[in-house]
Amino acid sequence: MKSNSIKSFIQLFRSQQVKSQLHRGLTQMAVGTIISLLILGLLESIFYLSVPIRLKTAEFVILFFFAAIFYIGLRYYLNRNSIFGNSSDYFLAHEFESREPRIGDRLINALQLEESLEKLDKGKDLAEYAVSRVSADLDNIPPESLYDPISNKLKKTFAITAATAVVLLLVFIQSLPSAYLRLAQPSREFLIPVPFTLSSLSGNQ
């Protein structure tokens, strides 16, 4: 039996779980970003927001984007390295128990035994045997099965959001691109188009 074999499996499970969490978080952020940009583009194309409003909007969007990236990255780092007790070995052992009840109910006991092997004077052989049995069962679990793919519901949400964005862009092809151009330059003044102009024939007005 390899030393710390149970802990090695827990670490593998942790890495796969935080990867799943990272991918879900990025997909959710992508959905939120697309929806936000769509709403902002439509508002700008209809109302021609003033410079102060566009500046505040740009600040909010940038703050929201980097705050979301920071949160997702920090959560990944804390859980990946089990800092502050995030994704601790025992928490993950309980999580795995709900996935694989046949092995999970013995995983916590095996983890406890493995951590106490060096302190045991009596029954050490039995403890090592129990740990090795659980370790052998864990070796048969494909590592890729520990990764939870993005749910079909979230995939559908992303697909519908992206498709809606494309359709709206095609429908408002005359106004949305210019609206995003104005939003990308929030401090610049743009002339609001008018439906018609009046010209004086005498030229004195």
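Quantities reported herein were computed from a predicted structural model and do not represent experimental measurements.
You'll find the side chain of L169 stays beyond 4.5 Å of the side chain of V166, heavy atoms only. Within the 4.5 Å cutoff, the side chain of M29 has heavy atoms near those of the I69 side chain. Between L107 and E97 there is no side-chain heavy-atom pair separated by less than 4.5 Å. A 4.5 Å side-chain heavy-atom check between E44 and T57 finds every atom pair outside the cut-off.
No donor-acceptor contact under 3.5 angstrom links the side chains of R24 and Q21, judged on distance only.
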Stepwise side-chain contact (heavy atoms from CB on, under 4.5 Å) check, R106 with D137: CA-CA 10 Å; R106 293 180 290 141; D137 289 336; 2.7 Å; yes
L146/F96 under side-chain contact (heavy atoms from CB on, under 4.5 Å): CA gap, chis, key distance, verdict: CA-CA 9 Å; L146 303 176; F96 186 76; 3.8 Å; yes
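Formation of a donor-acceptor pair under 3.5 Å by the R54 side chain with backbone atoms of R188 is found in this model. Here the side chain of E114 pairs a donor or acceptor atom with the backbone of S5 at under 3.5 angstrom. A side-chain donor-acceptor contact under 3.5 Å links Y180 to the backbone of L37.
For E95, there are no salt bridge (Lys or Arg N to Asp or Glu O under 4.0 Å) partners, not counting sequence neighbours. Take H94 and apply the ring-ring contact (aromatic ring centres under 6.0 Å, His included) test, not counting sequence neighbours, and it matches no residue. I34 meets the side-chain contact (heavy atoms from CB on, under 4.5 Å) test with L38, F158, T161, A165; sequence neighbours excluded. Taking the side-chain contact (heavy atoms from CB on, under 4.5 Å) definition, one finds that Y147 meets it with Q16, K19, S20, H23, P149, sequence neighbours left out. With sequence neighbours excluded, no residue forms a salt bridge (Lys or Arg N to Asp or Glu O under 4.0 Å) with R133.
The ring-ring contact (aromatic ring centres under 6.0 Å, His included) contacts involving residues 101-130 comprise nothing, where partners must be two or more places apart or lie in separate chains.
Taking every heavy atom of both residues into account, L92 and S87 meet most closely at CD1-O, 3.6 Å. Across Y90 and Q112, no two heavy atoms sit closer than the pair OH-CG, 3.4 Å. Contact record, R14 with S88: NH2-C, 3.6 Å, taken as the closest heavy-atom pair. Minimum interatomic distance between G25 and I72 (heavy atoms only, all atoms of both residues): O-CD1, 3.4 Å. Closest approach of D148 to R99, counting heavy atoms only: OD1-NH1, 2.8 Å. In this structure, G41 and A179 approach most closely via the heavy-atom pair O-CB, 3.6 Å.
The cluster map of Ile, Leu, Val, Met, Phe, Trp and Tyr, joined by side-chain heavy atoms under 4.5 Å apart, puts I39 and V61 in the same cluster.
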